[in-house]
Amino acid sequence: MDATCDNYIGGKLIPVGASNYTPVYNPSRGKVIAQAPESDARTVDQAVQAAKKAFPAWAETPVVERARVMFRFAHLLEAHFDELARMVTREHGKTSEEAKGDVRRGIEMVELACHAPTLLMGQTLDNVARGIDGRVERRPLGVCAGITPFNFPAMVPLWMFPIAIVCGNAFILKPSPKVPLTPTRLAELLTEAGLPEGVFNVVHGGGETVDALLKHPDVAAISFVGSTKVAKYIYETATAHGKRAQAAGGAKNYMLVMPDADLDAATNQIMGAAFGCSGQRCMAGSVAVAVGKAGDPLIESLDAAAKKMRVGPTDGLSAEGSVDMGPVIDAAARDRIGSYIDLGLNEGAKLATDGRGVSLTEWSEGFFVGPTIFDEVAPQMRIARDEIFGPVLSVMRVDDLAQAIARANESPYGNGAVIFTRDGGAARAFARHVNCGMVGVNVGVPAPMAVFPFAGWNQSFFGDLHIQGHEGFHFYTHNKVILNRWNDPGKRVLGW
(Lines give C-alpha, C1' and ligand atoms only; values in the text may rest on other atoms or scores of the structure.)
Protein backbone atom coordinates (compact mmCIF):
# COMPACT_ATOMS: atom_id res chain seq x y z
CA MET A 1 0.00 0.00 0.00
CA ASP A 2 1.19 3.52 -0.76
CA ALA A 3 1.66 5.97 2.10
CA THR A 4 -1.27 7.93 3.49
CA CYS A 5 -2.20 10.87 1.26
CA ASP A 6 -1.13 14.23 2.61
CA ASN A 7 -2.98 17.50 2.28
CA TYR A 8 -1.39 20.15 0.07
CA ILE A 9 -1.45 23.47 1.91
CA GLY A 10 0.66 26.55 1.36
CA GLY A 11 2.60 25.02 -1.50
CA LYS A 12 3.73 21.85 0.26
CA LEU A 13 2.51 18.46 1.43
CA ILE A 14 1.22 18.51 5.02
CA PRO A 15 0.73 15.20 6.92
CA VAL A 16 -2.69 14.79 8.51
CA GLY A 17 -3.11 13.16 11.88
CA ALA A 18 -6.69 12.03 11.22
CA SER A 19 -8.70 9.47 13.17
CA ASN A 20 -10.61 8.23 10.10
CA TYR A 21 -9.33 7.19 6.68
CA THR A 22 -10.89 6.06 3.39
CA PRO A 23 -9.16 3.19 1.56
CA VAL A 24 -8.08 3.99 -1.99
CA TYR A 25 -8.38 0.96 -4.27
CA ASN A 26 -6.93 -0.11 -7.53
CA PRO A 27 -10.36 -1.18 -8.85
CA SER A 28 -8.83 -3.47 -11.45
CA ARG A 29 -7.33 -5.66 -8.74
CA GLY A 30 -9.45 -4.96 -5.68
CA LYS A 31 -6.33 -4.01 -3.72
CA VAL A 32 -5.85 -1.04 -1.42
CA ILE A 33 -3.09 1.23 -2.74
CA ALA A 34 -3.40 4.21 -0.39
CA GLN A 35 -5.61 5.82 2.22
CA ALA A 36 -7.13 9.28 2.29
CA PRO A 37 -7.53 11.10 5.62
CA GLU A 38 -10.70 12.68 6.91
CA SER A 39 -9.61 16.27 7.57
CA ASP A 40 -11.38 18.00 10.43
CA ALA A 41 -12.63 21.58 10.64
CA ARG A 42 -9.35 22.78 12.15
CA THR A 43 -7.40 21.42 9.18
CA VAL A 44 -9.87 23.01 6.77
CA ASP A 45 -9.35 26.33 8.55
CA GLN A 46 -5.59 25.92 8.12
CA ALA A 47 -6.11 25.66 4.36
CA VAL A 48 -8.55 28.57 4.31
CA GLN A 49 -6.12 30.78 6.21
CA ALA A 50 -3.31 29.88 3.79
CA ALA A 51 -5.57 30.75 0.86
CA LYS A 52 -6.81 33.94 2.54
CA LYS A 53 -3.23 35.06 3.17
CA ALA A 54 -2.24 34.43 -0.46
CA PHE A 55 -5.32 36.03 -2.02
CA PRO A 56 -4.54 39.80 -1.85
CA ALA A 57 -1.19 39.61 -3.62
CA TRP A 58 -2.50 37.12 -6.18
CA ALA A 59 -5.58 39.25 -6.90
CA GLU A 60 -3.27 42.22 -7.55
CA THR A 61 -1.05 40.19 -9.88
CA PRO A 62 -1.68 41.38 -13.45
CA VAL A 63 -3.98 39.04 -15.30
CA VAL A 64 -1.36 38.55 -18.03
CA GLU A 65 1.03 37.17 -15.40
CA ARG A 66 -1.68 34.92 -13.98
CA ALA A 67 -2.32 33.62 -17.50
CA ARG A 68 1.38 32.88 -17.93
CA VAL A 69 1.19 30.53 -14.95
CA MET A 70 -1.61 28.71 -16.76
CA PHE A 71 0.46 28.51 -19.96
CA ARG A 72 3.29 26.91 -17.99
CA PHE A 73 0.82 24.61 -16.21
CA ALA A 74 -0.61 23.47 -19.55
CA HIS A 75 2.92 22.74 -20.77
CA LEU A 76 3.63 20.65 -17.66
CA LEU A 77 0.37 18.75 -18.06
CA GLU A 78 1.37 17.86 -21.60
CA ALA A 79 4.85 16.82 -20.44
CA HIS A 80 3.36 14.57 -17.74
CA PHE A 81 0.38 13.47 -19.82
CA ASP A 82 1.14 9.74 -19.80
CA GLU A 83 2.03 9.76 -16.12
CA LEU A 84 -1.28 11.42 -15.22
CA ALA A 85 -3.27 9.05 -17.44
CA ARG A 86 -1.64 6.03 -15.78
CA MET A 87 -2.44 7.51 -12.38
CA VAL A 88 -6.10 7.94 -13.38
CA THR A 89 -6.23 4.34 -14.59
CA ARG A 90 -4.64 3.05 -11.41
CA GLU A 91 -6.94 4.76 -8.91
CA HIS A 92 -10.13 4.85 -10.98
CA GLY A 93 -9.98 1.88 -13.34
CA LYS A 94 -10.57 3.70 -16.63
CA THR A 95 -9.15 2.19 -19.78
CA SER A 96 -6.03 3.85 -21.15
CA GLU A 97 -8.08 5.63 -23.81
CA GLU A 98 -10.63 6.87 -21.26
CA ALA A 99 -7.92 8.04 -18.87
CA LYS A 100 -6.18 9.97 -21.63
CA GLY A 101 -9.52 11.55 -22.51
CA ASP A 102 -9.99 12.52 -18.85
CA VAL A 103 -6.65 14.33 -18.82
CA ARG A 104 -7.10 15.85 -22.30
CA ARG A 105 -10.47 17.41 -21.49
CA GLY A 106 -8.93 18.86 -18.33
CA ILE A 107 -6.07 20.39 -20.29
CA GLU A 108 -8.63 22.06 -22.56
CA MET A 109 -9.95 23.91 -19.51
CA VAL A 110 -6.45 25.12 -18.68
CA GLU A 111 -6.12 26.31 -22.28
CA LEU A 112 -9.36 28.25 -21.82
CA ALA A 113 -7.92 29.80 -18.65
CA CYS A 114 -4.97 31.04 -20.72
CA HIS A 115 -7.42 33.36 -22.51
CA ALA A 116 -8.21 35.21 -19.28
CA PRO A 117 -6.82 38.59 -20.43
CA THR A 118 -9.53 38.67 -23.07
CA LEU A 119 -12.30 36.91 -21.15
CA LEU A 120 -11.91 39.15 -18.10
CA MET A 121 -12.24 42.39 -20.04
CA GLY A 122 -14.84 44.73 -18.62
CA GLN A 123 -17.13 47.23 -20.30
CA THR A 124 -16.97 50.97 -20.76
CA LEU A 125 -19.39 53.63 -21.86
CA ASP A 126 -18.18 57.20 -22.18
CA ASN A 127 -20.54 60.01 -21.32
CA VAL A 128 -23.15 57.70 -19.84
CA ALA A 129 -24.49 60.89 -18.34
CA ARG A 130 -23.31 64.42 -19.04
CA GLY A 131 -19.66 64.55 -18.06
CA ILE A 132 -19.74 61.07 -16.52
CA ASP A 133 -17.96 57.99 -17.91
CA GLY A 134 -18.87 54.51 -16.73
CA ARG A 135 -17.01 51.21 -16.67
CA VAL A 136 -17.52 47.70 -15.34
CA GLU A 137 -14.60 45.74 -13.94
CA ARG A 138 -14.46 42.02 -13.16
CA ARG A 139 -13.06 41.41 -9.68
CA PRO A 140 -12.22 38.08 -7.96
CA LEU A 141 -14.36 36.81 -5.11
CA GLY A 142 -11.68 35.70 -2.63
CA VAL A 143 -11.27 32.14 -1.35
CA CYS A 144 -13.22 29.61 -3.42
CA ALA A 145 -13.60 25.86 -2.94
CA GLY A 146 -14.34 22.88 -5.16
CA ILE A 147 -15.77 19.50 -4.16
CA THR A 148 -15.24 16.87 -6.85
CA PRO A 149 -16.40 13.26 -7.49
CA PHE A 150 -14.46 10.06 -8.16
CA ASN A 151 -15.44 9.52 -11.78
CA PHE A 152 -13.08 12.05 -13.42
CA PRO A 153 -10.02 12.46 -11.16
CA ALA A 154 -8.33 14.96 -13.50
CA MET A 155 -11.03 16.57 -15.64
CA VAL A 156 -13.56 17.69 -13.03
CA PRO A 157 -11.03 19.38 -10.70
CA LEU A 158 -9.62 21.07 -13.82
CA TRP A 159 -13.14 22.26 -14.63
CA MET A 160 -12.89 24.43 -11.53
CA PHE A 161 -9.56 25.65 -10.21
CA PRO A 162 -7.80 26.91 -13.38
CA ILE A 163 -10.64 29.36 -14.09
CA ALA A 164 -11.00 30.35 -10.43
CA ILE A 165 -7.27 30.95 -10.03
CA VAL A 166 -6.72 32.84 -13.27
CA CYS A 167 -9.59 35.14 -12.25
CA GLY A 168 -7.49 36.11 -9.22
CA ASN A 169 -9.04 33.89 -6.54
CA ALA A 170 -7.36 31.50 -4.13
CA PHE A 171 -8.74 27.96 -4.19
CA ILE A 172 -9.22 24.89 -1.98
CA LEU A 173 -9.95 21.57 -3.66
CA LYS A 174 -11.64 18.74 -1.74
CA PRO A 175 -11.39 15.74 -4.11
CA SER A 176 -13.20 12.46 -3.70
CA PRO A 177 -11.38 10.32 -1.12
CA LYS A 178 -11.66 7.44 -3.59
CA VAL A 179 -9.32 9.18 -6.08
CA PRO A 180 -6.96 11.49 -4.14
CA LEU A 181 -3.72 10.76 -5.99
CA THR A 182 -4.28 12.55 -9.30
CA PRO A 183 -5.55 15.83 -7.77
CA THR A 184 -2.55 15.98 -5.44
CA ARG A 185 -0.21 15.52 -8.39
CA LEU A 186 -1.99 18.37 -10.18
CA ALA A 187 -1.25 20.60 -7.18
CA GLU A 188 2.44 19.77 -7.36
CA LEU A 189 2.58 20.58 -11.07
CA LEU A 190 0.75 23.86 -10.50
CA THR A 191 3.34 24.90 -7.94
CA GLU A 192 6.07 23.90 -10.39
CA ALA A 193 4.37 26.20 -12.93
CA GLY A 194 5.09 29.13 -10.62
CA LEU A 195 1.85 29.55 -8.68
CA PRO A 196 2.56 31.33 -5.37
CA GLU A 197 2.23 29.33 -2.16
CA GLY A 198 -1.28 29.16 -0.75
CA VAL A 199 -3.15 30.14 -3.90
CA PHE A 200 -4.07 26.49 -4.51
CA ASN A 201 -4.60 23.93 -1.74
CA VAL A 202 -5.87 20.35 -1.56
CA VAL A 203 -7.67 19.06 1.52
CA HIS A 204 -8.73 15.41 1.66
CA GLY A 205 -11.77 14.20 3.52
CA GLY A 206 -15.44 13.31 3.55
CA GLY A 207 -18.61 14.76 5.03
CA GLU A 208 -16.99 16.61 7.93
CA THR A 209 -14.53 18.25 5.57
CA VAL A 210 -17.30 19.28 3.19
CA ASP A 211 -19.41 20.81 5.95
CA ALA A 212 -16.42 22.75 7.25
CA LEU A 213 -15.92 24.30 3.81
CA LEU A 214 -19.63 25.01 3.36
CA LYS A 215 -19.89 26.82 6.66
CA HIS A 216 -16.52 28.57 6.84
CA PRO A 217 -17.11 32.35 6.85
CA ASP A 218 -14.03 33.05 4.71
CA VAL A 219 -15.04 30.81 1.80
CA ALA A 220 -16.85 32.92 -0.80
CA ALA A 221 -17.94 30.33 -3.37
CA ILE A 222 -18.45 26.58 -3.72
CA SER A 223 -18.35 24.47 -6.87
CA PHE A 224 -19.60 20.89 -6.75
CA VAL A 225 -20.08 17.90 -9.04
CA GLY A 226 -21.75 14.70 -7.79
CA SER A 227 -25.12 13.12 -7.16
CA THR A 228 -28.33 15.14 -7.20
CA LYS A 229 -29.07 14.45 -3.53
CA VAL A 230 -25.71 15.81 -2.44
CA ALA A 231 -25.78 18.64 -5.01
CA LYS A 232 -29.04 19.90 -3.52
CA TYR A 233 -27.57 19.76 -0.02
CA ILE A 234 -24.40 21.55 -1.13
CA TYR A 235 -26.34 24.33 -2.85
CA GLU A 236 -28.80 24.86 -0.01
CA THR A 237 -26.14 24.80 2.71
CA ALA A 238 -23.68 27.01 0.85
CA THR A 239 -26.26 29.65 -0.04
CA ALA A 240 -27.69 29.59 3.47
CA HIS A 241 -24.21 30.61 4.64
CA GLY A 242 -24.01 33.47 2.17
CA LYS A 243 -21.89 31.78 -0.48
CA ARG A 244 -22.14 31.73 -4.23
CA ALA A 245 -22.72 28.11 -5.35
CA GLN A 246 -22.86 25.98 -8.47
CA ALA A 247 -23.77 22.32 -7.92
CA ALA A 248 -23.98 19.84 -10.78
CA GLY A 249 -25.97 16.72 -9.94
CA GLY A 250 -26.93 13.40 -11.46
CA ALA A 251 -28.79 12.51 -14.62
CA LYS A 252 -30.79 9.97 -16.58
CA ASN A 253 -29.91 10.72 -20.19
CA TYR A 254 -32.18 9.57 -23.02
CA MET A 255 -31.07 8.51 -26.49
CA LEU A 256 -33.77 8.34 -29.19
CA VAL A 257 -33.29 6.03 -32.17
CA MET A 258 -35.50 6.84 -35.14
CA PRO A 259 -36.42 4.20 -37.77
CA ASP A 260 -34.30 6.01 -40.37
CA ALA A 261 -31.15 6.14 -38.22
CA ASP A 262 -27.86 4.68 -39.41
CA LEU A 263 -28.06 1.59 -37.19
CA ASP A 264 -24.36 0.77 -37.17
CA ALA A 265 -23.37 4.33 -36.33
CA ALA A 266 -26.11 4.62 -33.68
CA THR A 267 -25.05 1.33 -32.10
CA ASN A 268 -21.45 2.42 -31.91
CA GLN A 269 -22.41 5.76 -30.33
CA ILE A 270 -24.82 4.17 -27.85
CA MET A 271 -22.26 1.60 -26.74
CA GLY A 272 -19.78 4.37 -25.99
CA ALA A 273 -22.38 6.49 -24.23
CA ALA A 274 -23.83 3.69 -22.11
CA PHE A 275 -20.68 1.73 -21.27
CA GLY A 276 -17.80 4.20 -21.58
CA CYS A 277 -16.15 4.71 -18.18
CA SER A 278 -18.24 1.70 -17.10
CA GLY A 279 -21.31 3.96 -17.11
CA GLN A 280 -19.88 6.07 -14.28
CA ARG A 281 -20.48 9.56 -15.63
CA CYS A 282 -23.29 12.08 -15.47
CA MET A 283 -23.45 12.21 -19.29
CA ALA A 284 -23.84 8.44 -19.66
CA GLY A 285 -26.62 7.42 -22.02
CA SER A 286 -28.68 5.21 -19.76
CA VAL A 287 -32.03 4.98 -21.60
CA ALA A 288 -32.40 4.21 -25.31
CA VAL A 289 -35.83 4.87 -26.79
CA ALA A 290 -36.53 2.89 -29.95
CA VAL A 291 -39.12 4.65 -32.12
CA GLY A 292 -41.45 2.65 -34.32
CA LYS A 293 -39.77 -0.19 -36.18
CA ALA A 294 -36.35 0.57 -34.74
CA GLY A 295 -36.87 -1.68 -31.70
CA ASP A 296 -35.96 -5.22 -32.75
CA PRO A 297 -33.01 -4.26 -35.00
CA LEU A 298 -31.63 -2.00 -32.28
CA ILE A 299 -31.78 -4.68 -29.57
CA GLU A 300 -30.13 -7.23 -31.84
CA SER A 301 -27.38 -4.81 -32.81
CA LEU A 302 -26.73 -3.66 -29.23
CA ASP A 303 -26.68 -7.21 -27.85
CA ALA A 304 -24.21 -8.32 -30.52
CA ALA A 305 -21.94 -5.35 -29.82
CA ALA A 306 -22.12 -5.86 -26.04
CA LYS A 307 -21.10 -9.50 -26.36
CA LYS A 308 -17.96 -8.41 -28.25
CA MET A 309 -16.85 -5.98 -25.55
CA ARG A 310 -13.64 -6.98 -23.80
CA VAL A 311 -13.95 -6.40 -20.05
CA GLY A 312 -11.01 -6.69 -17.70
CA PRO A 313 -8.23 -5.06 -15.68
CA THR A 314 -6.95 -1.83 -17.16
CA ASP A 315 -3.73 -1.37 -15.20
CA GLY A 316 -1.31 -3.63 -17.08
CA LEU A 317 0.79 -2.85 -20.13
CA SER A 318 -1.05 -5.60 -21.99
CA ALA A 319 -4.37 -3.91 -21.22
CA GLU A 320 -3.73 -0.87 -23.42
CA GLY A 321 -5.86 -1.26 -26.53
CA SER A 322 -7.02 -4.72 -25.52
CA VAL A 323 -9.71 -3.80 -22.98
CA ASP A 324 -12.91 -1.99 -23.93
CA MET A 325 -14.32 -1.58 -20.42
CA GLY A 326 -12.74 -1.64 -17.00
CA PRO A 327 -14.07 -2.05 -13.45
CA VAL A 328 -16.43 0.08 -11.43
CA ILE A 329 -14.92 2.08 -8.61
CA ASP A 330 -15.38 -0.30 -5.65
CA ALA A 331 -17.21 -3.29 -4.25
CA ALA A 332 -20.11 -1.17 -3.00
CA ALA A 333 -20.70 0.18 -6.51
CA ARG A 334 -20.51 -3.31 -8.00
CA ASP A 335 -23.03 -4.64 -5.50
CA ARG A 336 -25.39 -1.67 -5.95
CA ILE A 337 -25.38 -2.11 -9.73
CA GLY A 338 -26.03 -5.82 -9.31
CA SER A 339 -29.01 -5.06 -7.09
CA TYR A 340 -30.46 -2.83 -9.83
CA ILE A 341 -30.13 -5.66 -12.35
CA ASP A 342 -32.06 -7.90 -9.96
CA LEU A 343 -34.62 -5.14 -9.48
CA GLY A 344 -35.10 -4.73 -13.23
CA LEU A 345 -35.87 -8.41 -13.56
CA ASN A 346 -38.30 -8.27 -10.65
CA GLU A 347 -40.03 -5.26 -12.24
CA GLY A 348 -40.65 -7.24 -15.41
CA ALA A 349 -38.02 -5.92 -17.80
CA LYS A 350 -36.45 -8.38 -20.23
CA LEU A 351 -32.72 -8.91 -19.73
CA ALA A 352 -31.24 -8.95 -23.21
CA THR A 353 -27.59 -8.85 -22.09
CA ASP A 354 -26.53 -9.90 -18.58
CA GLY A 355 -23.35 -8.28 -17.26
CA ARG A 356 -23.24 -10.26 -14.04
CA GLY A 357 -20.47 -12.81 -13.92
CA VAL A 358 -18.89 -11.35 -17.03
CA SER A 359 -15.88 -13.19 -18.51
CA LEU A 360 -12.75 -11.09 -18.04
CA THR A 361 -9.73 -10.73 -20.28
CA GLU A 362 -7.69 -12.03 -17.33
CA TRP A 363 -8.49 -13.25 -13.85
CA SER A 364 -8.82 -10.53 -11.25
CA GLU A 365 -10.31 -9.80 -7.85
CA GLY A 366 -11.35 -6.36 -9.09
CA PHE A 367 -14.81 -4.81 -9.16
CA PHE A 368 -16.40 -5.78 -12.46
CA VAL A 369 -19.87 -5.60 -13.98
CA GLY A 370 -20.21 -6.29 -17.70
CA PRO A 371 -22.39 -4.36 -20.15
CA THR A 372 -26.04 -4.98 -19.29
CA ILE A 373 -29.03 -4.28 -21.54
CA PHE A 374 -32.70 -4.40 -20.57
CA ASP A 375 -35.46 -4.49 -23.19
CA GLU A 376 -39.17 -3.65 -22.84
CA VAL A 377 -38.52 -1.23 -19.99
CA ALA A 378 -41.56 0.71 -18.77
CA PRO A 379 -41.24 4.34 -17.63
CA GLN A 380 -42.45 3.59 -14.10
CA MET A 381 -39.67 1.06 -13.46
CA ARG A 382 -36.89 2.19 -11.16
CA ILE A 383 -34.23 1.12 -13.65
CA ALA A 384 -35.78 3.73 -15.98
CA ARG A 385 -35.94 6.46 -13.33
CA ASP A 386 -32.97 6.09 -11.00
CA GLU A 387 -29.41 7.06 -11.80
CA ILE A 388 -27.71 3.67 -11.55
CA PHE A 389 -24.24 5.04 -12.33
CA GLY A 390 -23.04 1.84 -13.90
CA PRO A 391 -23.03 -0.09 -17.20
CA VAL A 392 -26.79 -0.70 -17.38
CA LEU A 393 -28.79 0.41 -20.43
CA SER A 394 -32.59 0.42 -20.43
CA VAL A 395 -34.37 0.20 -23.80
CA MET A 396 -37.92 1.51 -24.16
CA ARG A 397 -40.16 1.21 -27.22
CA VAL A 398 -42.57 3.91 -28.40
CA ASP A 399 -44.65 4.56 -31.51
CA ASP A 400 -43.53 8.01 -32.61
CA LEU A 401 -41.23 10.96 -32.00
CA ALA A 402 -43.74 12.93 -29.92
CA GLN A 403 -44.14 10.02 -27.53
CA ALA A 404 -40.36 9.58 -27.33
CA ILE A 405 -39.83 13.25 -26.44
CA ALA A 406 -42.58 13.01 -23.84
CA ARG A 407 -40.82 10.01 -22.27
CA ALA A 408 -37.54 11.89 -22.08
CA ASN A 409 -39.27 14.91 -20.55
CA GLU A 410 -40.80 12.81 -17.78
CA SER A 411 -37.36 12.54 -16.21
CA PRO A 412 -36.73 15.00 -13.37
CA TYR A 413 -33.14 15.38 -14.55
CA GLY A 414 -31.91 17.53 -17.40
CA ASN A 415 -28.30 16.96 -18.43
CA GLY A 416 -28.23 15.44 -21.90
CA ALA A 417 -30.45 13.91 -24.57
CA VAL A 418 -29.61 12.49 -27.97
CA ILE A 419 -31.39 11.65 -31.21
CA PHE A 420 -30.13 9.38 -33.99
CA THR A 421 -31.79 10.19 -37.28
CA ARG A 422 -31.27 11.25 -40.90
CA ASP A 423 -34.35 13.50 -40.73
CA GLY A 424 -33.49 17.17 -40.17
CA GLY A 425 -37.06 18.01 -39.21
CA ALA A 426 -37.11 15.33 -36.53
CA ALA A 427 -33.75 16.50 -35.21
CA ARG A 428 -34.94 20.11 -35.08
CA ALA A 429 -38.16 19.21 -33.27
CA PHE A 430 -36.25 17.10 -30.78
CA ALA A 431 -33.63 19.77 -30.08
CA ARG A 432 -36.34 22.42 -29.55
CA HIS A 433 -38.67 20.43 -27.35
CA VAL A 434 -36.57 18.07 -25.24
CA ASN A 435 -36.25 19.43 -21.71
CA CYS A 436 -32.53 19.36 -21.00
CA GLY A 437 -29.46 21.54 -21.32
CA MET A 438 -27.21 19.56 -23.68
CA VAL A 439 -28.47 17.95 -26.89
CA GLY A 440 -26.74 15.62 -29.32
CA VAL A 441 -27.83 14.98 -32.91
CA ASN A 442 -26.08 11.76 -33.92
CA VAL A 443 -23.62 12.48 -31.09
CA GLY A 444 -23.82 9.92 -28.31
CA VAL A 445 -22.29 12.00 -25.52
CA PRO A 446 -23.10 15.71 -26.03
CA ALA A 447 -20.66 16.89 -23.37
CA PRO A 448 -19.58 20.36 -24.48
CA MET A 449 -16.03 21.50 -25.08
CA ALA A 450 -14.43 23.90 -22.60
CA VAL A 451 -15.62 27.05 -24.40
CA PHE A 452 -19.30 26.12 -23.83
CA PRO A 453 -21.09 25.84 -20.47
CA PHE A 454 -21.80 22.41 -19.03
CA ALA A 455 -25.46 23.32 -19.10
CA GLY A 456 -27.44 20.92 -16.93
CA TRP A 457 -31.08 21.76 -16.21
CA ASN A 458 -33.72 20.78 -13.67
CA GLN A 459 -32.52 18.35 -10.96
CA SER A 460 -29.17 18.02 -12.73
CA PHE A 461 -28.00 21.48 -11.69
CA PHE A 462 -28.51 23.87 -8.80
CA GLY A 463 -27.38 27.45 -9.29
CA ASP A 464 -27.41 30.24 -11.86
CA LEU A 465 -23.98 30.06 -13.49
CA HIS A 466 -22.74 26.78 -14.94
CA ILE A 467 -19.27 25.25 -15.01
CA GLN A 468 -17.05 25.93 -18.07
CA GLY A 469 -17.10 28.62 -20.74
CA HIS A 470 -17.99 32.26 -20.13
CA GLU A 471 -20.31 31.25 -17.30
CA GLY A 472 -17.33 29.81 -15.42
CA PHE A 473 -15.54 33.17 -15.57
CA HIS A 474 -18.71 34.96 -14.45
CA PHE A 475 -19.14 32.57 -11.53
CA TYR A 476 -15.67 33.25 -10.14
CA THR A 477 -15.89 37.04 -10.46
CA HIS A 478 -18.27 39.82 -9.52
CA ASN A 479 -18.81 43.13 -11.22
CA LYS A 480 -17.68 46.47 -9.93
CA VAL A 481 -19.28 49.51 -11.61
CA ILE A 482 -17.22 52.70 -11.53
CA LEU A 483 -18.54 56.12 -12.55
CA ASN A 484 -15.96 58.84 -13.28
CA ARG A 485 -16.73 62.52 -13.54
CA TRP A 486 -14.15 65.00 -14.72
CA ASN A 487 -16.33 67.94 -15.71
CA ASP A 488 -16.22 71.35 -14.08
CA PRO A 489 -15.66 71.00 -10.32
CA GLY A 490 -18.85 71.29 -8.34
CA LYS A 491 -21.18 71.46 -11.29
CA ARG A 492 -24.21 69.20 -10.92
CA VAL A 493 -26.08 67.84 -13.92
CA LEU A 494 -29.44 66.01 -13.73
CA GLY A 495 -29.09 65.44 -10.02
CA TRP A 496 -25.59 63.90 -10.09
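Quick note: numbers below take in every heavy atom, side chains included, and nothing from hydrogens, waters or symmetry partners.
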Shortest non-hydrogen contact from Thr228 to Gln459?
OG1-O, 2.8 Å
Closer than 4.0 angstrom, basic N to acidic O: yes or no for Lys100 and Glu97?
no
State, without any angle test, whether Thr89 and Asp315 hold a side-chain donor-acceptor pair at a distance under 3.5 Å.
no
Contacts under 3.5 angstrom, residues 390-402 side chains, donor-acceptor by atom type, not counting sequence neighbours:
{"from": "Ser394", "atom 1": "OG", "to": "Ile383", "atom 2": "O", "distance (Å)": "3.4"}
{"from": "Arg397", "atom 1": "NE", "to": "Asp375", "atom 2": "OD1", "distance (Å)": "3.2"}
{"from": "Arg397", "atom 1": "NH1", "to": "Asp296", "atom 2": "OD1", "distance (Å)": "2.7"}
{"from": "Arg397", "atom 1": "NH2", "to": "Asp296", "atom 2": "OD1", "distance (Å)": "3.0"}
{"from": "Arg397", "atom 1": "NH2", "to": "Asp375", "atom 2": "OD2", "distance (Å)": "2.8"}
{"from": "Asp400", "atom 1": "OD1", "to": "Ala402", "atom 2": "N", "distance (Å)": "3.4"}
{"from": "Asp400", "atom 1": "OD1", "to": "Gln403", "atom 2": "N", "distance (Å)": "2.8"}

Which label fits Phe171 and Phe200: parallel for a plane angle under 30°, tilted from 30 to 60°, or perpendicular past 60°?
parallel
May I ask you to check whether over 12 heavy atoms, not counting those of Asp262, lie within 6.0 Å of atom CG?
yes
Please work out which of the three classes, parallel, tilted or perpendicular, describes the rings of Phe150 and His92, given edges at 30° and 60°.
parallel
Assess, by modelled atom type and distance only, whether the side chains of Glu387 and Ser286 contain a donor and an acceptor separated by less than 3.5 Å.
no
Does any donor atom in the side chain of Thr95 or Thr314 lie under 3.5 Å from an acceptor atom in the other side chain?
no
Decide whether a cation-pi geometry holds between Lys94 and Phe152; the criteria are a distance under 6.0 Å from NZ or CZ to the six-membered ring centre and an angle within 45° of the ring axis.
yes
Given His466, which partner from the list Phe461, Trp159, Phe454, Trp457 fulfils the ring-ring contact (aromatic ring centres under 6.0 Å, His included) test?
Phe461
Qualifying residues under salt bridge (charged side-chain N to carboxylate O under 4.0 Å, His left out), relative to Glu410, sequence neighbours excluded
none
Taking NZ, NE, NH1 and NH2 as the nitrogens, is one of them in Glu78 or Arg104 under 4.0 Å from a carboxylate oxygen of the other?
yes
Report, one line per pair, each donor and acceptor closer than 3.5 Å where one atom sits in a side chain of residues 426-438; sequence neighbours left out.
none

